[in-house]
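To keep things clear, I will list the structure first and then write my remarks on it.
Here is how names work: the chains are called A, B, and so on, in the same order as the sequence lines, proteins then strands, and each is numbered from 1. No hydrogens, no waters, no symmetry mates; every other heavy atom, side chains included, goes into these values.
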There are 2 protein chains.
Amino acid sequence: MPKYQEIANILRTRIKNKTYPPDSLLPNQTDLVEEFGVSRMTVKKAIGILAMEGLVYSQRGAGTKILNHPFLKKDTTALTVYEGLSTEMGKAGRKLVSQVIDFQVEFPDQTIQEKLMLTEEQPIYSIVRLRILEDQPFILEYTYMPVHLVPNLTRGHLESSIYRYVKEELGVQFAGAYRTIAADKSTAYDQQYLDCKADDPVLEIEQIVYQKNGSPIEFSRSRNRYDVRAYSYLDVQH
Amino acid sequence: MPKYQEIANILRTRIKNKTYPPDSLLPNQTDLVEEFGVSRMTVKKAIGILAMEGLVYSQRGAGTKILNHPFLKKDTTALTVYEGLSTEMGKAGRKLVSQVIDFQVEFPDQTIQEKLMLTEEQPIYSIVRLRILEDQPFILEYTYMPVHLVPNLTRGHLESSIYRYVKEELGVQFAGAYRTIAADKSTAYDQQYLDCKADDPVLEIEQIVYQKNGSPIEFSRSRNRYDVRAYSYLDVQH
DNA sequence: GAGTGGTCTAGACCACTCG
DNA sequence: GAGTGGTCTAGACCACTCG
């Protein structure tokens, strides 16, 4: 692990345990250079990480201030990094079960060809799963992935965690995701699986997940029960 | 403007006009050092900006690749930086009208005290506006701002752009925002102003906007017609 | 083994804030 | 004017990718 990461971790710990209390100033960069025995560029890089996380704000001439946003108390980190729903819920200590409703291999239609940058001859997995959180159905999820990028996918993976298989066993690295969030009326299909009423809306999240090499590896549409799931995130300006 | 910004701008232009085509490699950092007559750290910082924007992906040993994400073609930049709806729509060349439904000064209730970090004696503006895009009502927006942070706000500002007044005339700098997005059933009030049907859902976006010094300056809830507005953004991992 | 980007140093100059 | 963080340099070493 690079030095600037280690230093960022140490400083983050001190902020979280109030060694550096909110609204106070971080020691200046020269002092941190002395404490950690590194160059100033390295200290600055460490502080830059904390600034990206919204923990501190540096101002030329005035020092680096510890911020006190209410979202420090919330668990938003899980939402900004793509790691799959199972992993996210596992970290939060909540029990997620995935019930496989459909699992097919087929040729992609036009929409999916575009989203996943495929030709019509490149087969895809088409997966429908109901995600059940602590015995309550809450997301109906349609997932499409190119077969050649995710070989040997099994029903077992779908029931535990696709993300873990793709990342840990296939060694795929994710670059990020493009998401669109919208409200929609529930369909009869939604109502059946999500166990919701005819006039209940759903929150729909569409996402395309990209690998680090730039090719899309997943397109999914998830239909969320409106009363169970909202989507939160922190948008820090740089 | 710092050198690394200038270089990033030049490289971004070359990517957008395909001087560096998608899937090709950027010239290596040593060559760019020669071309621009700067040190390698400066070149690296410029490339870092493009990587944050999702335009390129650098890999140790292999070079820096120009990515070809479909969202290069979409206009998502406006959505990741807080600049107010009027400014956003203005840039897209669309005509936005804001109709002021209510404009009051009052003491904050418990919720707003918490969101804006205020005491119950610190007065706030309470604003309700209907945002009309090209003659179609599409957002009903409730905005709350502390009076002491936004002195002399007038009805005129509400009708044009609060953001422009706060930023340009008051000189406030924004650090970012915390947002929560959810689906909800429409209320009678929504239906009246948004001109939607009883079983139409709405997309609700709650946001707290922070100043660079860390204090919240705005809390708002916007109720969006579900068939007109979705919310998109790019989530790049770092 | 050649070429690549990632990290790090030790210093410098400067713009900015604050009392 | 003293102290702060932002930028920049010219070099170094290294981990990694690729043929």
Side chain of A:Gln29 only, heavy atoms from C-beta on: which candidate in D:dG6, C:dG6, C:dC8 is closest?
D:dG6
Minimum-distance nucleotide (side-chain atoms of B:Ser39 versus D:dT7, D:dC8, C:dT9):
D:dC8
Of the listed D:dT4, C:dT9, D:dT7, the closest approach to the B:Pro2 side chain comes from D:dT7
Counting the atoms with a prime plus P, OP1 and OP2 as sugar-phosphate, which does B:Lys45 contact under 4.0 Å by heavy atoms, base, sugar-phosphate, or nothing?
sugar-phosphate
Nearest to the B:Ala62 side chain among D:dT9, C:dG5, D:dC18, which nucleotide is it?
D:dC18
Looking at C:dT7, D:dG5, D:dT9, which one has an atom nearest to any side-chain atom of A:Thr64?
D:dG5
Round to a whole Å and report the spacing from OH of A:Tyr57 to C1' of D:dT4.
13 Å
Closest approach to the side chain of A:Gln59, judged atom by atom: which nucleotide of C:dC8, D:dC8, C:dT17 is it?
C:dT17
Nearest whole Å is fine: how far is C:dT9 C1' from A:Phe36 CZ?
17 Å
Do the side-chain N or O atoms of B:Thr42 get closer than 4.0 angstrom to the phosphate oxygens (OP1, OP2) of D:dT7?
no
Would the distance check show the side chain of A:Gln113 and the main-chain N or O of A:Pro108 forming a donor-acceptor pair, the cut-off being under 3.5 Å?
yes
Check whether the side chain of A:Arg40 and the base of D:dG6 form a donor-acceptor pair under 3.5 Å.
yes
Cation-pi, B:Phe103 ring and B:Arg155 (6.0 angstrom, 45 degrees)
no
Full working for ring-ring contact (aromatic ring centres under 6.0 Å, His included) between A:Phe174 and A:Tyr163
CA-CA 10 Å; A:Phe174 298 98; A:Tyr163 172 83; 5.3 Å; yes
Return no unless some side-chain N or O of A:Tyr4 is found under 4.0 Å from OP1 or OP2 of C:dC8.
no
Give a yes or no answer on whether the side chain of B:Thr13 reaches the backbone of B:Asn9 with a donor-acceptor pair at less than 3.5 Å.
yes
Write down the distance between NZ (B:Lys65) and P (C:dG5), rounded to a whole number of angstrom.
14 Å
Nearest-nucleotide pick for A:Arg60, side chain only, options being C:dC16, C:dT9, C:dG5:
C:dC16
Atom pair distance, as rounded to whole Å: CE in B:Met1 and C1' in D:dC8:
17 Å
Checking all strands, does B:Lys3 fall into the base, sugar-phosphate, or nothing category for heavy-atom contacts under 4.0 angstrom?
sugar-phosphate
Find the partner of C:dA2: check Watson-Crick (N1-N3 plus N6-O4 or O6-N4) and G-U wobble (N1-O2, O6-N3) distances, both under 3.5 Å, and reply none if neither fits.
D:dT17
Would you mind telling me which residue lines up with the more 5' stretch of DNA chain C, A:Gly37 or A:Gly61, judged by nearest nucleotide?
A:Gly37
Using atom CG of B:Asn28 as one end and atom P of C:dG6 as the other, report the distance to the nearest whole Å.
12 Å
Side-chain donor/acceptor of B:Tyr165 to backbone N/O of B:Ser160, under 3.5 Å:
no
Just the rounded figure in Å: distance from P of D:dT7 to CE of A:Met41.
10 Å
Run the side-chain contact (heavy atoms from CB on, under 4.5 Å) check on B:Glu204 and B:Asn224 step by step: do they pass?
CA-CA 6 Å; B:Glu204 183 180 87; B:Asn224 300 250; 6.0 Å; no
For the pair made of CG in B:Leu11 and P in C:dG5, what is the distance, rounded to whole Å?
12 Å
In whole angstroms, how far is the C1' atom of C:dG5 from the CD1 atom of B:Ile47?
9 Å
